[in-house]
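To start, the structure itself, in structure tokens.
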Amino acid sequence: MILEWVLKSVVIILFGLTGFAYTTYYERRFLARIQVRIGPNRAGPWGLLQPVADGIKLIFKEELVPDNAYKLAFMLSPVITMVPAIVVMGVLPWGGTIEALNLDLSLANINVGILYILSVTSISVYGLVLAGWSSNNKYAMLGGLRSTAQMISYELSLGLAFLGPVIMAGSMNMFDIVKFQHAHPLTWAAVQFLGAVIFFIAMVAEINRAPFDMPEAEQELVAGYHTEYSGMKFALFFMGEYVKMVAVAAIFITLFWGGFAGPGVGINEISVFGWFTFDGDWLGPLYYFLKIFIVLGIMIWVRATLPRFRYDRLMAFGWKVLLPLALFNVFLVAVLTFYFFPAV
């Protein structure tokens, strides 16, 4: 049992790290396509080794630490930012159970998975705040303060968006929520549509992606909270952002898009043209990765399309538009579930 947990943990960590590397490649190629450019095409066939080249470059870059920085916090901030993004993947349902192998395609199935996700994802804000404060740089400090205000503001809407699936499924267990969606797909899509839109907007703001990337606005703050970082410390911030992209995309599809559910999942034997058969639950991770790929594409598309918010409008949108909508969504889901879908 312990060996199984260790192996699954290693697989999730490797998925997070390789997912980070090739999410950067995916973004650069997709942005190039939208902007009628070519994108990376020199390192390896079709530019596939570009993430490897970037990693080697960052490893050998000189790391500078400001003389007046608070050294311990300065060193720990990138780690505090990145680690929660990987740790949160431990409770996500990557697939069902392969009966023939008695293999559960997930690491942990806990009853309060939603609370675990909310708790762990809240930690990453400390990394950004500490990075700005510990650098002893005014621009970095302003970036850290912006990240604090923004993440706290949009975290309220994000937390309320979590409540919709919890109310309708009657459980905080991620697996129960996926099973409920699989059993009632049309009802779920009708009731949770507004919650899905609110969750998507809030999660993009939570990970500081454009158009909500004000904490690192280069026109005003040089580079924001990571102004003084270089080499592998900067790479950890970079890695944290893209691992968080993958993590929040996985959370989104688990809560609102059926998770690993799809055609064939749950069928014990599927025949391929009569040549060979396989357990349908092996399709679960495939559907999961495909959905993550699509959600990441939408996030990249949003970055290429929308301009950056002015900071006061960003905060006003969070408090005056998104938060009231999130409260209304909780009320709406509760009423619809109680009066119209009590047997669901």
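The model shown is predicted, which means the values in this text are computed figures rather than measured ones. Counting from 1, the numbers follow the sequence of the chain as shown.
Open room surrounds CD1 on I38; 12 or fewer heavy atoms of other groups in view lie less than 6.0 Å from it. Applying the 6.0 Å contact sphere to CG of N111 captures no more than 12 heavy atoms from other residues, nucleotides or ligands. For Y126, the OH atom is loosely surrounded, since the number of other residues' heavy atoms within 6.0 Å does not exceed 12. For R313, the CZ atom counts as loosely surrounded, since its 6.0 Å shell holds 12 or fewer non-hydrogen atoms of other residues, nucleotides or ligands. For NZ of K71, the number of neighbouring non-hydrogen atoms (other residues, nucleotides, ligands) closer than 6.0 Å is greater than 12.
E241 and N208 share no side-chain donor-acceptor pair at under 3.5 Å. For the 3.5 Å distance criterion, the side chains of E27 and Y242 qualify, holding a donor opposite an acceptor. A donor and an acceptor atom, one from each side chain of Y70 and S135, are nowhere located under 3.5 Å apart.
Looking at Q192, its side chain does come within 3.5 Å of a backbone N or O of G164 through a donor-acceptor pair. Remark: side-chain polar atoms of E206 are paired, donor with acceptor, to backbone N or O of E155 under 3.5 angstrom. A donor-acceptor contact shorter than 3.5 Å is absent between the side chain of Y26 and the backbone of L296.
Ring orientation note: the planes of F256 and F252 are tilted relative to one another, at an angle of 30° to 60°. Between F15 and W94, the ring planes are perpendicular. Angles over 60° get that label, and only those under 30° would be called parallel. The aromatic rings of Y25 and Y22 sit perpendicular to each other, their planes meeting at more than 60°, with 30° as the lower class boundary.
By the 4.5 Å heavy-atom criterion applied to side chains, V302 and M299 are not counted as neighbours. Two residues are said to be in side-chain contact when any heavy atoms from C-beta on lie closer than 4.5 Å; P40 and W46 fail this criterion. When side chains are defined from C-beta on, V243 counts as touching I86, because their heavy atoms get closer than 4.5 Å.
Residues satisfying the salt bridge (Lys or Arg N to Asp or Glu O under 4.0 Å) test with R310, not counting sequence neighbours, are D312.
A single hydrophobic cluster is not seen to contain both L186 and W257; linkage of ILVMFWY side chains at heavy-atom distances under 4.5 Å, directly or through other members, places them apart. By the criterion of side-chain heavy atoms lying less than 4.5 angstrom apart, applied directly or through intervening Ile, Leu, Val, Met, Phe, Trp or Tyr residues, L64 is not grouped with I59; the two fall into different hydrophobic clusters.
A salt bridge (charged side-chain N to carboxylate O under 4.0 Å, His left out) check over residues 76-87, counting only residues at least two apart or in different chains, returns nothing.
Nearest approach of F212 to L314, heavy atoms of both residues: CD2-CD1, 3.7 Å. Considering all non-hydrogen atoms of both residues, P51 and G47 come closest at CD-O, 4.2 Å. The two residues V248 and M203 have their closest heavy-atom pair at O-SD, 3.6 Å. Contact detail for G90 and I12: the closest heavy-atom pair is CA-CD1, 4.2 Å. Across S157 and I198, no two heavy atoms sit closer than the pair O-CG2, 4.2 Å.
Among L130, L236, V129, the one residue that satisfies the side chain to side chain contact (heavy atoms under 4.5 Å, CB included) test with I80 is L130.
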